[in-house]
Amino acid sequence: MIDFNIEAKSSETRARAGNLITAHGSIETPVFMPVGTAGTVKAVTPEELHKCRAQIILSNTYHLYLRPGMEVIRQFSGLHSFMNWDGPILTDSGGFQIFSLAKISKTTQQGFDFQSHIDGSRHLITPEDAVEIQTTLGADIIMCLDSCIPYPADEKTAIDALKLTTRWAGRCKTKWGQLSDQKNALFGIVQGGMFKHLRAQSAEELINLNFPGYALGGLSVGEPKELMFEMADHCLPLLPDEKPKYVMGVGTPEDLVELVSLGADMFDCVMPTRNARNGQLFTAHGNININNAGFKYDTDPVDPGCGCYTCLKYSRAYLHHLYRCRELLAYRLNTIHNLYYYLQLMRAMRKAIFADKFNDFKKSFYRKRSMN
Ligand SMILES: [Zn+2]
């Protein structure tokens, strides 16, 4: 199980700072979780993750279930030992990946019937399976199997997905209760598309099931930014304040600052790692593309104010060169910087919450970020 304590609250916004205690250590919130899709945060080792001050990582059930498969994971008694990461892990349920990656996905009351995107093999994943697989993975926080819908989607589609999500959440909760080893915590996922009344209904139904934590799913799926914030602004206060609130799959540094001010505690996104591999680096003074010719002779680090290994040891010119040559080290050094930036941003927000100066922090954050 987990324990969650709120340590400080902003008086100007809904931002809060807390402490989330899991079986593999405690986490300071608000927290960003680097994404380790296939049992690895791409291009970096667990030691490097610790140096970037990552507190918890996210791994994808769908990918690990297909490859290497649960027999291999069982051999190692879980993902922690398999991948040599001793910190907390959160796994998603696989629902979103089946929805976005699997070749054929048929949704029935029973579960997802899909074909692997790797070898075309056929699989059925039920809500009970999702809980069992994530428990075998040994994740500290596991997610209910939910039904995702594309954007835009009409109200009827959103209602159907919402009903299924609630029903599956109940089945996940029952299965979770039956498993003897309950070291992990199960989170419910609020759906309801872009319809406020459906989001409210979804939240209410999940709260009745009483989960240790709650997530907002189905956001950042192609809708306009304003709509995403509107939904989060509407949903976050509906969730119980004493439980962690997780906004899934978001986002840019600006998104994180906005969502923290709306009361969110947890985030994950491929953006810092994926963009690093595409040459985009995040800095306090805006984003840069290391591929730009202007960096060819630039002896400065990516961000002179950054304390990461990459910025302490290497110049923009060197990173530009590595990237131009598609050297493997480029991906690693870029990833280290971007992760450090994201994680440092979360710590800065936490500090501002403790000082009760979140609005001042926000102002200075935006002023600097728009400099480039
Ligand atoms: Zn750096």
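Every number for a ligand or one of its atoms is a count from 1 in the order of the listing.
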List, one per line, each side-chain donor-acceptor pair under 3.5 Å for residues 140-153, sequence neighbours excluded.
from	atom 1	to	atom 2	distance (Å)
D140	OD1	H24	N	3.3
D140	OD1	H24	ND1	2.7
D140	OD2	H24	ND1	3.3
D140	OD2	H80	NE2	3.3
D140	OD2	I89	N	2.9
D146	OD2	Q191	NE2	2.6

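For the Zn ion (ligand 1), the nearby protein N/O/S atoms, meaning those under 2.8 Å, are C306 SG, C308 SG, C311 SG, H337 ND1.
In the displayed structure, F96 atom CZ is contacted under 6.0 Å by at most 12 heavy atoms of other residues, nucleotides or ligands.
The cationic atom of R350 (NZ for Lys, CZ for Arg) does not lie both less than 6.0 Å from the six-membered ring centre of F354 and within 45° of the ring axis.
No salt bridge links R347 with E28; every basic N to acidic carboxylate O contact stays at or beyond 4.0 Å.
Side-chain atoms of L319 and F295, non-hydrogen and from C-beta on, never get closer than 4.5 Å to each other.
Here the options are Q178, R171, K175, the test is side-chain hydrogen bond (donor to acceptor under 3.5 Å, both in side chains), and the partner is E128; only R171 passes.
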